Structures are given as structure tokens and as C-alpha cells.
2 protein chains.
Amino acid sequence: MARIKLEEISTRAPEHLKKEIVKEETATIVAKLNELQNLLYAEGKHSILVILQGMDASGKDGLIRNVFGKMNPQGVTVHSFKVPTAEELGHDFLWRVHKQAPARGMIQLFNRSHYEDILITRVHNLCDKDTAVKRMRAINDFEWLLTEHNDTVILKFYLHISEKEQAERLQERLDNPAKQWKYNEGDLKEAKFWPEYRKMYEDCFEECNKVPWTIVPADQNWYKEFIVAQKLYEVLSGLKMRYPGLKK
Amino acid sequence: MARIKLEEISTRAPEHLKKEIVKEETATIVAKLNELQNLLYAEGKHSILVILQGMDASGKDGLIRNVFGKMNPQGVTVHSFKVPTAEELGHDFLWRVHKQAPARGMIQLFNRSHYEDILITRVHNLCDKDTAVKRMRAINDFEWLLTEHNDTVILKFYLHISEKEQAERLQERLDNPAKQWKYNEGDLKEAKFWPEYRKMYEDCFEECNKVPWTIVPADQNWYKEFIVAQKLYEVLSGLKMRYPGLKK
């Protein structure tokens, strides 16, 4: 497969799509997803791991709220990976990640993930090339472990926004009092590393694709939510789940 | 490498060895080990995972007490793996194991381990052949993850006792009031599966040897302790550790 080049992929919805119609469609899918999530929980056989990656302000939080926010919180959990603690740094980089893997019946969202260990760390030269190659192999093994040994379906989404859209959103965080809490001084600095991040992401798509990635055009929230909801629906409805009936 | 056949390996010390001399030698090594463990902890670079496997009454508990019992408990921890809980069964079989992996600077002992997931489970047909093959691959990947990404040295010991010695020890557990607490009705039943266990262990030695096994003749506790202490000393002294000096 040819290497994915992010610059060649649109960050926007196809022109012919009408926002209002797509939003209605998304609402319909989300309602069905809530039913399927209930079934997933009841059956307790499969588990779902949704990995969300993307540049700052690519809209991970909004996606979580709008697509997963109405599901039963007993069956849907979110884990945000922050800078590793001293205890976490005492272990291999997947130790803290494995602990957060979903149990059967659960949907687990990763807001950022183990991919940061080959993204931000490489951009800032905290991880050399040799280590990165080893980590990529370990990530593939790890994702395969979950897939093969816990009936986990892993969905990996890259929220693909343009530099222009990101700049606008970061400015909005500065200007809007309700969004200022999200603003980090570091965000603008990180944004300058865009070309490096793009390259590192492309490496991930290339080297860690045993479980495939979905590139989600994310400049428009309504389209981003539609794509993720649709993908999730496709996967959940394909599991042929059944309510288990009365316990024997 | 030819398949290891446990029946062809002695469960006893070589005839020429004198118990008293070996015991003195072990005491000397154990004293050095305590110093090396302190260094391991101080340096905080490597971690050690000691996996103890063996039939019931093969002397895992005594080994832990006599070889590791005098080390600083702040740097040495033991985890005994029991029948998985409902929560643990909701995850892949390595989920509960990874949580117990040693942090840098630590010695972690596994009293039984993830190998039970391809031993007792196979003996009792709770795990089919196909699953066992997948688990073996996952175990190799997992042990490699620890080795490569946390400077973990993994030492795998199979405590090799004879059926006759086991029968005597189980009888002792029945007869001796101070040992009756260790007796399980299931022990005698499990002992009848000896040939099946032997085959399953031999499979482990063959398929999960990316990190090699040490077969420890274990009918005599003094010799068993000597072999394990010696192996541990060999590994720890080979790490070229240094006290880090004052923090900068």
C-alpha cells in the first residue's frame, strides 16, 4: 500500500453533502448506536477500544461528547493520557495503557494514547529512531493481544484538520471566556511542529496498521461526527450480537 | 534444539556434592545478592522478574523465603497468581499479569504466573490447542516487551521434583499440623495428571523460550536454593550496575 500523505487528503466534507441532512443522519445513527452499546454490554462478549488521535484542537473532546455522550456511562468510559507520572515511567510504555484496556462488554475511549510515545516524543527527540521502531513493533503486538485474546475491536481515528482551521480554533480558545480553560501556552509552540507531526503520524499509519486507521476529515465537526458514528455503527452492527436471555 | 524431556533430567543434585558445603556456598551467595539487590534499587535502571513454576509441593514458597527473604522488602515483592477473578476474566489473560510487572529497580517474584494459562487450563481442557498456540505467541511478545522496553531481566525457573518426592511432601502436609494449612483436597487429584502436566511444561520450554528456562532439580531444597541463588547472582553481577552518586 502506498504511504498515506496527509497533505493529499482533504480535511473537509465532500462539497455535495448538505450539513443539515448529514446531521439528521448522524442523529439517527447515534440513536442506533445507543441500542447497540446496550446489547454489547448485555452480551458481554466483545469489547471496543476507540483510539482518538489528532493535533491540538482537532476536536477530540467534542466528538466524545456528541457521539458517545448519550450512551450509558456504565458501559462507556474515557481515559485521557497525560504526561506519564514517575510511577508510570518506571515501567514499559504500555504498562499504563494495558491497565486501561476495555473489559468485555465495554466501550473504552482513549483520548490520546500509546501513539503519543512515538509522536510527541519523537518530535521533541525524547525517543530515538531505534526505540521508535521497537515501540511500533510492541504496539502492533499489544493491539493484536487485545484483538485476539479479548475479542476487542480497536478503532483508530486520526482527526484530520488543516493548519488554518487549527489556528482559528486556538485563537478562539484565547478569545472566548468559555474556552480559555482549554488554552495552553504550549499549544501555539506545538503548532509550529506541524510538519514534524505530520511525518510522525504518517509513520504510524504505515508501521502500525495491523489494526487499520481511519483518517477523519475534521475541519467541520458535523462531518467528523458523522464519519466516526458511521464507522462505529458499521463495526457494532457487524458483530452479530444477541441478548443472552435468562441466565442458566 | 532438541525437545527437553523432563523424565531424562535428574530431580536431584549430582552425587559428588556435599550438602553442608553447598549450603555454606549458598549463604555466601545470598549475602552478595542482598548487596546487589540494594544496588539494583539504588540505580533504578533495570528490573528483575523471577517466574517460579512447578508442580504442587515443588517448594516455591520455601525458595522465596530462603533466597529472597532477607532482601530489603522495599525492593522485592511477590505476587501469587490465583484463580482469575470475574474482573480479570473480563480482560485478556495478560492484563492482570502486566499490572504486576516490576518497576525499574525492583525484583518481582511471580509465584505461578501467566504460564498457568497454558498449563492447568490445557490439562483440564479449558483452553483448546488453537488458543494455546495464540497464547504462547502472546506470552513471547509480552516477555519481549518487558525485556526490550523496561530493561527487565526475566528469570524463569521450573522446580523439577519427582512424583515420589511430591507424594511424600503431600503426605507430610496431611500429617504435620504446621503444614496442614497448605493441604488442598485438589492437590492429590492434580497429582494424578502428572504426565499431562509434564507434556504441557515441555511445550512451554519448547515454544516459550525466547526468554530461556532454567530447570532446577528440586527434590533437595538445599540444591534447589543453590541453583536459583547462583543463577540470580550470575545475572545481577553481569548487569554492571553502579551507584548513581548524588543527584544533579
Side-chain angles (χ1 to χ4, degrees), chain A residues 40-41 43-49 74-75 77 84-108 114 117-118 121 127-128 130-154 210 247, chain B residues 40-41 43-49 74-75 77 84-108 114 117-118 121 127-128 130-154 210 247:
Chain A
L40 180 88
Y41 186 82
E43 195 190 44
K45 185 172 181 295
H46 305 276
S47 49
I48 309 288
L49 174 58
Q74 191 163 316
T77 50
T85 64
E87 190 195 11
E88 288 167 351
L89 285 173
H91 292 86
D92 68 274
F93 75 108
L94 291 172
W95 180 77
R96 66 175 187 156
V97 182
H98 201 170
K99 281 205 275 189
Q100 303 296 337
R104 290 173 193 276
M106 297 293 290
I107 295 178
Q108 170 72 299
H114 43 287
D117 293 296
I118 49 173
T121 49
C127 166
D128 61 29
D130 182 48
T131 305
V133 169
K134 288 174 181 167
R135 285 188 180 174
M136 286 169 180
R137 190 175 54 211
I139 286 173
N140 285 333
D141 290 344
F142 170 64
E143 292 182 353
W144 193 245
L145 170 72
L146 302 186
T147 305
E148 195 166 67
H149 294 274
N150 207 38
D151 293 304
T152 304
V153 180
I154 305 177
K210 194 163 177 178
K247 285 200 183 85
Chain B
L40 180 88
Y41 187 82
E43 195 191 43
K45 185 173 180 296
H46 305 276
S47 50
I48 309 287
L49 174 58
Q74 191 163 316
T77 50
T85 64
E87 190 194 11
E88 289 168 350
L89 286 174
H91 291 87
D92 69 274
F93 75 108
L94 291 171
W95 181 77
R96 66 175 188 156
V97 182
H98 201 170
K99 283 206 275 190
Q100 302 297 336
R104 291 173 193 276
M106 298 294 289
I107 296 179
Q108 171 72 299
H114 44 288
D117 293 297
I118 49 172
T121 48
C127 166
D128 61 30
D130 182 47
T131 305
V133 168
K134 289 174 179 167
R135 285 187 181 175
M136 286 170 181
R137 190 176 53 210
I139 287 172
N140 286 333
D141 290 344
F142 171 65
E143 293 181 354
W144 193 244
L145 170 71
L146 302 185
T147 305
E148 196 166 65
H149 294 275
N150 207 39
D151 293 304
T152 304
V153 181
I154 305 177
K210 195 161 175 178
K247 285 199 183 88

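In what follows, chains are A, B, ... by sequence order, proteins preceding strands, each numbered from 1. These numbers come from a predicted model, not from an experiment.
Contact tally against chain B (heavy-atom pairs below 4.5 Å) for A:K134, A:R104, A:R135: the top residue is A:K134. Put simply, of B:R137, B:E148, B:K99, the one with the most heavy-atom pairs under 4.5 Å next to chain A is B:E148.
B:N150 places a side-chain N or O within donor-acceptor distance of the main-chain N or O of A:G90, the cut-off being under 3.5 Å.
Residues A:A138 and B:H149 come closest through the heavy atom pair CB-NE2, 3.6 Å.
Evaluated for a side-chain contact (heavy atoms from CB on, under 4.5 Å) with B:H98, the options A:H91, A:H98, A:R96 yield exactly one hit, A:H98.
Between A:W144 atom CH2 and B:D92 atom CG the span is 13.5 Å, to the nearest 0.5 Å.
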- Message: If you apply the rule side chain to side chain contact (heavy atoms under 4.5 Å, CB included), what do you find for A:L145 with B:L94, and how did you get there?
- Response: CA-CA 9 Å; A:L145 170 72; B:L94 291 171; 3.8 Å; yes
